[in-house]
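What follows is one structure encoded as structure tokens, with my remarks underneath.
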Amino acid sequence: LQSKAAHSVKQGTTLFNAMSSFTLKTDQGHELQLLKDNCPIEDGALSQDSGDRVTVIYVTSQGLNFPIEILKAGDQNDEG
């Protein structure tokens, strides 16, 4: 089977950061709830209860948002 799930990328500020999920207020002004679900999280990306600037790469499946990777916003590594 081929998966047709396309990934999305959003940048914004965390409103709420819990153990298994977090809420992002996107730069477009929308609230996006995401499950952490063992995805890679860049050191310091989700360091506070709220107010972290992050970039989230995620997929949506059955109405739930699953991050593929969570990065600190603006930290695009210029390696290579």
Side-chain angles (χ1 to χ4, degrees):
L1 294 174
Q2 284 186 331
S3 173
K4 294 190 178 190
H7 72 274
S8 300
V9 179
K10 294 287 184 202
Q11 197 169 69
T13 304
T14 57
L15 294 177
F16 179 76
N17 181 19
M19 203 60 143
S20 61
S21 66
F22 67 102
T23 301
L24 182 74
K25 177 141 189 169
T26 68
D27 289 347
Q28 293 76 33
H30 302 349
E31 287 188 18
L32 184 65
Q33 293 183 347
L34 298 121
L35 298 174
K36 290 181 184 173
D37 201 34
N38 296 323
C39 79
I41 301 171
E42 183 179 10
D43 284 347
L46 291 177
S47 62
Q48 310 175 75
D49 289 339
S50 65
D52 285 312
R53 289 280 303 153
V54 295
T55 299
V56 180
I57 304 161
Y58 69 97
V59 295
T60 302
S61 176
Q62 298 180 357
L64 299 173
N65 299 311
F66 296 95
I68 298 168
E69 192 168 12
I70 303 167
L71 305 167
K72 290 188 283 187
D75 278 18
Q76 301 301 336
N77 293 333
D78 292 323
E79 297 174 9

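Because the structure is a prediction, the values reported are computed rather than measured.
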Margin query: Counting C-beta onward and ignoring hydrogens, is there a side-chain heavy-atom pair between L34 and F66 closer than 4.5 Å?
Written below: no
Note to self: Counting C-beta onward and ignoring hydrogens, is there a side-chain heavy-atom pair between N65 and L32 closer than 4.5 Å?
What the structure shows: yes
Margin query: For P67 versus C39, what's the shortest heavy-atom pair and its separation?
Written below: O-CB, 3.2 Å
Next item on the list: Answer yes or no: is there a donor N or O on one side and an acceptor on the other, between the side chain of E42 and the main chain of I70, under 3.5 Å?
Entry: no
Next item on the list: Report whether I68 and F22 are members of the same hydrophobic cluster (ILVMFWY, side-chain heavy atoms less than 4.5 Å apart, transitive linking).
Entry: no
Margin query: Would a single hydrophobic cluster contain both L35 and L15, if residues Ile, Leu, Val, Met, Phe, Trp and Tyr are joined by side-chain heavy-atom contacts under 4.5 Å?
Written below: no
Note to self: Could you check whether any side-chain heavy atom of T60 comes within less than 4.5 Å of a side-chain heavy atom of S8, counting everything from C-beta outward?
What the structure shows: no
Note to self: Walk me through whether N17 and S50 qualify under side chain to side chain donor-acceptor pair (under 3.5 Å).
What the structure shows: CA-CA 6 Å; N17 181 19; S50 65; over 6 Å; no
Notebook entry, point to check: Around atom CG of D49, are there more than 12 heavy atoms of other residues, nucleotides or ligands at under 6.0 Å?
Noted result: no
Next item on the list: State whether the side chain of T13 and the backbone N or O of R53 hold a donor-acceptor pair below 3.5 Å, judged by distance alone.
Entry: no
Notebook entry, point to check: Between atom OH of Y58 and atom CG of L24, what is the distance when rounded to the nearest 0.5 Å?
Noted result: 8.5 Å
Next item on the list: Evaluate side chain to side chain contact (heavy atoms under 4.5 Å, CB included) for K36 paired with L46, printing each intermediate quantity in order.
Entry: CA-CA 11 Å; K36 290 181 184 173; L46 291 177; 3.8 Å; yes
Item checked: Donor-acceptor under 3.5 Å (K10 side chain, V54 main chain) -> no
Next item on the list: Answer yes or no: is there a donor N or O on one side and an acceptor on the other, between the side chain of T55 and the main chain of Q11, under 3.5 Å?
Entry: no
Note to self: Using 0.5 Å steps for rounding, measure from the CD1 atom of I57 to the CD atom of E69.
What the structure shows: 5.0 Å
Notebook entry, point to check: Is the number of heavy atoms from other residues, nucleotides or ligands within 6.0 Å of NZ (K25) greater than 12?
Noted result: no
